[in-house]
Amino acid sequence: MISLGLNTVNNYHNRYSKSDNVQKSAYNDNSPLKAVKADPIYLRARILPFRGNEGPSRQTLRYIEDVRSEEHSRSRRLNRLSRLDLDKIQDIAKGIDIFKGWSIYDIDYVSRYMDSILLQRGCPHQCIHCAPNAEDKITTMSWKNFEAIANGMGELKDRLGFSPFSFVSEKSDERIIYSFSDSDPMFFRSPEEISNENGNKKIIHHDIHDAAKLFYEKTGTKFVITTAGWPPNNKFAQRAAEKIVQNDDCIYEVTISLHLFERTVEKARGFEEKARILREEAQELEEDGKNTEAQEKLDAAGKHETTANFLRKRYYDMMANTIFTFVPLIKKGKVDILFMPFPEETATNDFYKKDVEDSNKKLESSLLKEIKSRIKQRMEESSGEPINGLDEIFSINEERFKGSEENRAKIFERKISYIGRAINLDPSGSSSVEQERQKVYSELESTPQSKLYSKLYSKQKRINIDGSVLVNCSPDTKLGEVNFYPVRLTGKKLNLPEKQEINTQREVPEYDWPDESITKKRY
């Protein structure tokens with residue numbers, strides 16, 4: 001059960017009423033707050049995120065309660081710090097370890113448009129169109145650190161009555177947050193050492209559902225997950241997905257990215273290209289009467305084609321299994337299947353220019369049909385029940401393939417942006433992208449600290465796996481997107497129990513945190 005109402009604030013009145021004698025006169029004996037029971041989430045907390053009786057004063061809690069009552073009378077929800085007088089809640093985070101050394105102005109800045117908590121960096125898919133340019137090596141946030149974040153943000157939520165470290169969904173009134181940036185959440189695997197009653201220790205591994213469940217219990221915030229699939233033989237990821245299906249209360253939406261740019265398909269494309277070249281060479285040899293050499297070329301081409309077919313089948317099986325696993329969520333309307341074609345009119349790279357039309361045809365004729373047939377077969381083998389909503393999802397996206405070639409890319413909701421690794425697909429645009437990136441960095445470096453802070457106040461924020469704050473400082477151009485122009489503000493990090501190093505080759509400018517006179521300003 002998640003407590004999101006006034007009682008979350010009231011609990012703190014009860015919690016501090018015995019120890020805060022100095023402030024007792026601020027309340028009268030007839031206060032209805034005394035009748036409120038303790039928050040069950042707080043009672044279940046395994047690790048208290050604050051020490052002893054350290055916490056906000058009763059005046060602070062009374063002020064928040066008054067504001068919440070006033071907002072309620074106006075039929076509005078108090079859901080962001082900007083509706084509060086920060087000077088009156090300066091001690092709201094007192095005793096919460098992750099905010100040690102932070103002022104309320106720091107919390108206001110970091111939580112403003114907070115959209116992500118990065119549980120890991122790096123991705124095994126290595127899709128060739130990856131705009132965040134995810135690295136191959138995966139670095140994962142330690143479970144102890146994530147638990148500290150969940151507990152600390154949950155404690156702050158209880159004091160405020162809402163969680164500022166999230167945003168409200170456009171579709172509903174739910175608070176949500178992304179758990180990824182340059183990674184696939186289904187591969188999240190964070191170890192924890194635990195001891196039993198006898199003192200024996202063992203290692204357990206937490207998955208993305210464990211993280212989502214804990215964060216939801218503590219903060220009332222649901223995770224958004226985007227995945228490009230996982231191999232059926234990856235039992236850990238498979239089990240995580242099954243747990244999500246069995247208990248989806250903590251999940252807002254799962255987006256399945258379906259395309260022909262994943263590492264496996266890229267390898268298949270490479271073998272197909274080698275086979276094509278070998279067959280052309282074989283034809284030339286046959287014309288010259290060199291039949292033996294030509295046959296050797298043809299045999300080698302056949303082996304490459306066999307390998308390519310095997311790799312494509314492996315990708316089809318992976319995506320069919322991924323979609324099949326989430327069928328119960330499809331029925332609930334919690335799954336979005338995102339198809340990604342190649343925009344033909346921008347395919348200037350010689351290799352992909354030859355292959356792009358064929359790739360889109362395979363996306364239409366092979367990938368979609370193969371996956372649907374595999375899913376339907378598995379449904380027949382299990383229960384035989386039809387998948388309500390699945391055909392509709394596929395048919396809507398299949399219609400997008402029927403437009404003319406010049407309009408085909410335009411009718412897709414999302415196209416490939418030539419940023420990150422996708423630059424390699426369009427060499428003609430790579431220089432302009434890099435020039436734009438350098439322009440952004442130059443502007444930031446020449447901007448005074450006070451103006452920089454003001455400029456980035458309303459930009460989207462995210463918590464990195466080491467607790468540092470990343471800010472989206474992209475320019476107002478088509479090239480600027482959330483993931484690709486981050487700034488690490490080195491002066492402000494969450495105070496996490498374990499030190500973590502980030503494995504990333506991405507170069508990001510670093511800036512000091514402004515002084516108190518700047519952070520007090522509201523923009």
Ring centre gap for [X] and [Y] strictly below 6.0 Å:
X: Phe165; Y: Phe215; result: no
X: Tyr315; Y: Trp230; result: no
X: Tyr453; Y: Tyr109; result: yes

salt_bridge([X], [Y]) N-O dist < 4.0 Å:
X: Lys459; Y: Asp115; result: no
X: Glu193; Y: Lys201; result: yes
X: Lys243; Y: Asp207; result: yes
X: Arg279; Y: Glu305; result: yes
X: Lys313; Y: Asp317; result: yes
X: Glu266; Y: Arg263; result: no
X: Glu280; Y: Lys297; result: no

ring-ring contact (aromatic ring centres under 6.0 Å, His included) against Tyr252, all qualifying residues, sequence neighbours excluded:
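Expected list: none.
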Is the number of heavy atoms from other residues, nucleotides or ligands within 6.0 Å of NZ (Lys144) greater than 12?
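Atom NZ in Lys144 is not packed in, count stays at 12 or less.
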Take atom CG in Asp512; do more than 12 heavy atoms of anything else shown fall under 6.0 Å from it?
no
Spacing of [X] atom [atom1] and [Y] atom [atom2] [to the nearest 0.5 Å]:
X: Glu286; Y: Glu284; atom1: CD; atom2: CD; value: 11.0 Å
X: Phe146; Y: Asp210; atom1: CZ; atom2: CG; value: 9.5 Å
X: Asp248; Y: Glu253; atom1: CG; atom2: CD; value: 12.5 Å
X: Ile128; Y: His259; atom1: CD1; atom2: NE2; value: 9.0 Å
X: Ile177; Y: Thr219; atom1: CD1; atom2: OG1; value: 7.5 Å
X: Leu456; Y: Lys451; atom1: CG; atom2: NZ; value: 14.0 Å

Between [X] and [Y], is there a donor-acceptor pair closer than 3.5 Å when you use the side chain of the first and the backbone of the second?
X: Thr307; Y: Lys303; result: yes
X: Lys274; Y: His304; result: no
X: His125; Y: Cys127; result: no
X: Ser183; Y: Pro185; result: no
X: Ser166; Y: Ser163; result: yes
X: Ser190; Y: Trp143; result: yes
X: Gln126; Y: Ala134; result: yes
X: Gln120; Y: Asp184; result: yes
X: Glu135; Y: Lys137; result: no

Any side-chain heavy atom of [X] sitting closer than 4.5 Å to one from [Y]?
X: Val265; Y: Leu311; result: no
X: Ile256; Y: Met319; result: yes
X: Met153; Y: Lys218; result: no
X: Asp182; Y: Asn133; result: no
X: Phe223; Y: Ile176; result: no
X: His209; Y: Cys250; result: yes
X: Cys123; Y: Ile138; result: no

So which atom in [X] and which in [Y] form the shortest heavy-atom distance, rounded to 0.1 Å?
X: Asn464; Y: Met141; answer: O-CE, 3.8 Å
X: Ser179; Y: Ile225; answer: OG-CG1, 4.3 Å
X: Arg462; Y: Met114; answer: CA-SD, 3.7 Å
X: Phe187; Y: Asn234; answer: CE2-ND2, 3.6 Å
X: Ala240; Y: Ile208; answer: CB-CG2, 4.3 Å
X: Gly229; Y: Met318; answer: C-SD, 4.0 Å

Is there a donor-acceptor contact under 3.5 Å linking the side chains of [X] and [Y]?
X: Asn233; Y: Gln238; result: no
X: Lys213; Y: Asn247; result: no
X: Asn145; Y: Gln500; result: yes
X: Glu147; Y: Asn151; result: no
X: Glu192; Y: His206; result: yes

Walk me through it: do Ile251 and Tyr216 pass the test side chain to side chain contact (heavy atoms under 4.5 Å, CB included)?
CA-CA 9 Å; Ile251 302 298; Tyr216 180 60; over 6 Å; no
Should Thr226 and Phe180 be marked as a side chain to side chain contact (heavy atoms under 4.5 Å, CB included) after you check the CA-CA gap, both sets of side-chain angles, and the distance that decides it?
CA-CA 8 Å; Thr226 292; Phe180 59 92; 3.3 Å; yes
Trp513 vs Asp106, test: side-chain hydrogen bond (donor to acceptor under 3.5 Å, both in side chains). Steps then yes/no.
CA-CA 9 Å; Trp513 194 256; Asp106 299 331; 2.8 Å; yes
Residues which pass side chain to side chain donor-acceptor pair (under 3.5 Å) with Arg80, listed by chain and number, not counting sequence neighbours:
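Testing Arg80 for side chain to side chain donor-acceptor pair (under 3.5 Å), a comparison that skips the adjacent residues, returns Ser82.
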For a side chain to side chain contact (heavy atoms under 4.5 Å, CB included) check, start with the C-alpha distance between Ile465 and Thr139, then their side-chain angles and the critical distance, and finish with the verdict.
CA-CA 8 Å; Ile465 61 173; Thr139 307; 3.4 Å; yes
As a quick check of understanding, evaluate salt bridge (Lys or Arg N to Asp or Glu O under 4.0 Å) for Glu273 and Arg276, giving each step before the final call.
CA-CA 5 Å; Glu273 177 67 5; Arg276 184 187 65 80; 2.5 Å; yes
Between Thr325 and Glu242, is the side-chain hydrogen bond (donor to acceptor under 3.5 Å, both in side chains) condition met? List the steps.
CA-CA 7 Å; Thr325 303; Glu242 291 170 357; 5.9 Å; no
Passes side chain to side chain contact (heavy atoms under 4.5 Å, CB included), Leu118 versus Leu470? Steps please.
CA-CA 10 Å; Leu118 309 187; Leu470 295 180; 4.2 Å; yes
Aromatic Phe236 / basic Arg189 pairing, under 6.0 angstrom, 45° off normal
yes
